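Here's the structure, in structure tokens; my notes come after.
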Amino acid sequence: MHVGIVGTGTMGKGIVQILVQSDCVDSVSWKGRSSESVTNALAEIELQFERLVNKKRLDATQARHFIKKIKVVRDYSDFENVEIFIEAVAEDIDVKRLVFSELSKVSSENTLLASNTSSLSVTHLASLTTHPENVVGLHFFNPAPVMKLAEVIAGLTTSKATVARALDFARMLGKDPVLVNEAPGFIVNRMLIPMINEAIGILAEDVATAEEIDKAMRLGANHPIGPLALADLIGNDVNLSIMETLHNETGDPKYRAHPLLRKMVRGNLLGRKTGRGFFSY
């Protein structure tokens with residue numbers, strides 16, 4: 001199987017790692033915003049494989065084989081014979097619209113187009129293509145190589161054959177997928193991100209420190225990571241984007257993003273990817 005992927009951020013890199021480690025994928029064509037962004041992302045994946053080799057979790061020969069599967073492409077026209085495309089760019093509908101419009105030009109009637117969106121409308125993205133029945137949501141979770149879940153989201157125009165194909169593909173990648181009929185936030189983020197937003201409200205009201213809030217949820221709810229540390233892992237820009245999608249799509253005030261979250265994003269306190277969020281890294 002030949003897979004094409006667009007996006008070199010945290011999720012893009014994680015998904016590429018999953019793809020090359022899968023026996024069902026022969027090659028991966030990878031495009032980013034620029035050649036430099038893909039080159040840098042590829043160097044990070046090579047470093048990750050080196051760490052796994054040093055920890056005896058991966059054989060050096062295997063690591064070299066995985067890296068050789070990756071082909072960096074500069075333009076959409078460079079994608080050839082791709083059977084499945086995965087879009088993993090920023091959680092911004094305008095950015096995704098541009099990507100899907102371009103992917104539609106290089107896709108055949110048999111190409112599956114999957115978006116790694118965490119909350120946006122698959123139906124909207126499908127409407128930009130010549131074969132909307134082939135468009136599906138395929139939402140991986142961070143860190144993608146570790147997390148077992150993948151949400152497969154069926155849009156209004158997604159065919160049953162495409163849904164079945166996406167579910168099979170997720171399983172071949174070692175994931176345990178759940179099927180979701182398109183709705184704002186799907187399953188996980190519709191519950192998870194409002195919880196994080198509430199934790200931010202508790203912090204803003206000075207009810208407890210960030211450390212105490214996270215400790216309470218780890219020990220009291222048996223969560224493996226506290227909500228504010230999780231916010232930093234996801235990225236506060238992503239958290240804000242999902243809250244805004246939930247609020248805009250439903251009109252329900254319970255999904256109003258907390259002002260502190262907006263302030264954090266304005267201050268570039270996005271979490272792990274910027275070195276500082278609710279905690280420092």
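This is a predicted model, so every value here is computed, not measured.
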*Stepwise salt bridge (Lys or Arg N to Asp or Glu O under 4.0 Å) check, E244 with R262*: CA-CA 10 Å; E244 288 180 334; R262 295 187 183 280; 2.7 Å; yes
Neighbour count >12 (heavy atoms, 6.0 Å) for atom [atom1], [X]:
X: E198; atom1: CD; answer: no
X: N248; atom1: CG; answer: yes
X: D252; atom1: CG; answer: yes
X: D59; atom1: CG; answer: yes

*Hey, are E133 and T158 close enough side-chain-wise for a donor-acceptor pair under 3.5 Å?*
no
_No-hydrogen, no-angle side-chain donor-acceptor test under 3.5 Å, H2 and S29_ = yes
Between the side chain of [X] and the main-chain N/O of [Y], is any donor-acceptor distance below 3.5 Å?
X: T123; Y: L156; answer: yes
X: N116; Y: I86; answer: no
X: E87; Y: V89; answer: yes
X: S22; Y: L19; answer: no
X: E182; Y: V122; answer: yes
X: T274; Y: L270; answer: yes
X: D214; Y: L228; answer: yes
X: K215; Y: A210; answer: no
X: E151; Y: I187; answer: yes
X: N142; Y: M11; answer: no

Is [Y] close to [X] at the side-chain level, that is, under 4.5 Å between some pair of heavy atoms?
X: S37; Y: S34; value: yes
X: V25; Y: V20; value: no
X: F85; Y: V6; value: no

*Quick one: pull up OG in S118 and CD1 in I193 and give me the separation to the nearest 0.5 Å.*
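One finds 7.5 Å between OG of S118 and CD1 of I193.
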*Please determine if D168 and R171 form a salt bridge, counting it only when a charged side-chain N lies under 4.0 Å from a carboxylate O.*
yes
*Before accepting this row, confirm whether a basic side-chain N of the pair R276/D232 lies closer than 4.0 Å to the acidic partner's carboxylate O.*
no
*Is V28 linked to I15 within one hydrophobic cluster, defined over Ile, Leu, Val, Met, Phe, Trp and Tyr using a side-chain heavy-atom separation of less than 4.5 Å?*
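Same cluster: V28 reaches I15 through Ile, Leu, Val, Met, Phe, Trp or Tyr contacts under 4.5 Å.
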*Going by the salt bridge (Lys or Arg N to Asp or Glu O under 4.0 Å) test, which pairs reach into residues 62-85, not counting sequence neighbours?*
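Applying salt bridge (Lys or Arg N to Asp or Glu O under 4.0 Å) to every pair that reaches into residues 62-85, excluding sequence neighbours, yields nothing.
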*Describe, in one word, how the ring planes of F79 and Y76 are oriented to each other, choosing from parallel (under 30°), tilted (30 to 60°) and perpendicular (over 60°).*
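The arrangement is tilted - the two ring planes meet at 30° to 60°.
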